[in-house]
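Accompanying notes for the structure given below.
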Number of protein chains: 2
Amino acid sequence: MARRSFHHAPEGARRQDLINATLDCIAENGLQGATVRQIALRAGVTAGLIRYYFPGKDELVHAAYGETMNRMTGQVKFLAEQTASYEHANPRQRLALFVEASLSPPVVDARTLSLWATFISLIHVDPAMAAIHKESYLAFRNEVERLIASVFNDEGKSATKAELAKYAIAVNAVIDGLWLEGCLAGDMFAENDLVSIGIKAVEAVLKPEEAETA
Amino acid sequence: MARRSFHHAPEGARRQDLINATLDCIAENGLQGATVRQIALRAGVTAGLIRYYFPGKDELVHAAYGETMNRMTGQVKFLAEQTASYEHANPRQRLALFVEASLSPPVVDARTLSLWATFISLIHVDPAMAAIHKESYLAFRNEVERLIASVFNDEGKSATKAELAKYAIAVNAVIDGLWLEGCLAGDMFAENDLVSIGIKAVEAVLKPEEAETA
DNA sequence: GTTCAAATTATACAGTTGCATAAATAGCCG
DNA sequence: CGGCTATTTATGCAACTGTATAATTTGAAC
């Protein structure tokens, strides 16, 4: 029979391989290209094994989504906090570093955008995807909110919990939009442009409400 | 045999039906749910007819993408220009109306987001989708750029062509981000919040470059 | 070394997919 | 009203899909 040889992977590694393979497939050929067979091929195993680690293909995709979003938020936090000046930076500067990390590679990246868009497109199709979205969205937004709260606190401004949440939503939106633009049209800006635009826009959004033109 | 009865559709109508059916399928069940048979069912025809109007399923999806983006840009322009105050508004106010139209229903809409995300996810998979993206992106951005140019001109500010493009990219990004947020988390803001945040952020982005905090 | 559970492969299956082709109909032109 | 062409349906097909199941192999415990 000449059966294919294999080895037992260490705890959790195979599962991770399958998730990574799924992300590769989706990024390169879209969700349509992420078939159980293609995924298995990428992961260097046979298709049946997927069902040993996941109840079905859907759950594998869910895991891939969660993983992607965790990585993104984690990367932003890590990059910001790992910056040399972070330790003795004031809250406003820390927020700027967070924005900078969000709008620079490797967070700004065409492949990540493809994955993200694929998952977003399923939010209104699959309730489980919606739940993952909500959770990961809030995780990121909470980081933003914490930073904003620090800024306000540091500068002696006061804001209700609801106001704070509103600011966080707005800042999050600005970051997302520039991130999107950077991923899609990365060649159109110098990288620094994106960051400086982001910081300027975020500061504007954080200014207290005034009478406005319209 | 009792063959199914049918009627000849007027010029272009059948093609449009197929595009609409495709959009319905994608919005409700994702790209995976947009099979030729499902699309035909929705359109009230049989599957084979798709190949009479389109070389293949891919081209149908391309047409659906182009249509979606044209509609969005068209809607924004229409809503802005149709506003009562538009006629005697100054350029800055017209830009604000454009932002407002971009960040209000029916442009801000969960279904449209699903469609948009599906298409975006294919940009790096299918070069034809990339071309459609580029074209529709520029069409929207050109509108933004024209409005900005008017503002600058009206207020006696000068800007090079390159600077103008950069401002347009930035403003576009801010609009996109808030649009995204509005579609995803529509229930979290009052609609007016989104608009006022958008206008504030856009105005900030248009302020001339200064020394910045970082 | 044997034993044995856990990990992996192999195969089979019923349903679905996009597409090709042939047959049938509709409705306009004369 | 008879014919003709554009439009539409019907059917078939080969490839592919996710999943179920059984057979095999691995590697660690003893």
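Because the structure is predicted, anything quoted here is derived from the model rather than measured. Throughout, protein chains are lettered first and strands after them, A, B, ... in sequence-line order, and every chain is numbered starting at 1. All values below were derived from every heavy atom in this structure, side-chain atoms included, with hydrogens, water molecules and symmetry-related copies excluded.
Comparing the start and finish of the helix from C:dG1-D:dC30 to C:dG30-D:dC1, five pairs each, the helix axis swings through 0°, to the nearest 10 degrees.
Between B:Glu59 atom CD and C:dG18 atom C1' there is a gap of 12 Å when expressed in whole angstrom units. Atoms CG (B:Leu60) and P (C:dC19) sit 10 Å apart, rounded to a whole Å. Separating the NE2 atom of A:His8 from the C1' atom of D:dT24 is a distance of 10 Å, rounded to the nearest angstrom. Rounded to whole Å, atom P of C:dT17 lies 17 Å from atom CZ of B:Arg51. For the pair A:Ile50 CD1 and D:dG18 C1', the interatomic distance rounds to 10 Å; values are reported in whole Å. Taking atom CG of B:Leu49 as the reference point, atom P of C:dA22 lies 18 Å away to the nearest angstrom. C:dA26 atom C1' lies 15 Å from atom CZ of B:Arg4, rounded to whole Å. Rounded to an integer number of Å, the gap from CG of B:Asp58 to C1' of C:dG18 is 10 Å.
Aromatic rings of A:Phe98 and A:Tyr86 (six-membered ring for Trp) have centroids beyond the 6.0 Å cut-off, not under it.
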Next on the checklist: One pair to check against salt bridge (Lys or Arg N to Asp or Glu O under 4.0 Å): B:Glu28 and B:Arg42. What are the steps and the verdict?
Outcome noted: CA-CA 12 Å; B:Glu28 287 181 27; B:Arg42 282 255 183 191; 2.5 Å; yes
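In terms of modelled atom types and a separation under 3.5 Å, the side chain of A:Thr83 and the main chain of A:Leu79 share a donor-acceptor contact.
An OP1 or OP2 oxygen of C:dA7 is reached within less than 4.0 angstrom by a side-chain nitrogen or oxygen of A:Tyr52. A sub-4.0 Å separation between OP1 or OP2 of C:dT8 and a side-chain N or O of A:Tyr53 is present.
Heavy-atom nearest nucleotides on DNA chain D were determined for A:Gly56 and for B:Gly48, and the one closer to the 5' end corresponds to B:Gly48. Heavy-atom nearest nucleotides on DNA chain C were determined for A:Arg14 and for B:Lys57, and the one closer to the 5' end corresponds to A:Arg14.
Under the 4.0 Å criterion applied to side-chain N and carboxylate O atoms, A:Glu143 and A:Arg146 are assigned as salt-bridge partners.
The side-chain heavy atoms of B:Asp24 and B:Arg111, taken from C-beta on, include a pair separated by under 4.5 Å.
Of the N and O atoms on the side chains of B:Gln16 and B:Tyr53, not one donor lies less than 3.5 Å from an acceptor on the other residue.
For B:Arg3 and C:dT25, a side-chain-to-base donor-acceptor distance below 3.5 Å is absent, hydrogens and geometry of angles not being considered.
If you take CD on B:Gln93 and CD on B:Glu100, they are separated by 12.0 Å, rounding to the nearest 0.5 Å. Between the CD1 atom of B:Ile123 and the OH atom of B:Tyr137 there is a distance of 11.5 Å, given to the nearest 0.5 Å.
Checking D:dT9, D:dT26, C:dT9 against every side-chain atom of A:Val45, the shortest atom distance belongs to C:dT9.
Listed by residue number, B:Arg37 are the residues of residues 22-44 of chain B with a heavy-atom contact under 4.0 Å to DNA chain D.
Crowding of B:Glu135 atom CD: a count of heavy atoms from other residues, nucleotides or ligands under 6.0 Å not exceeding 12.
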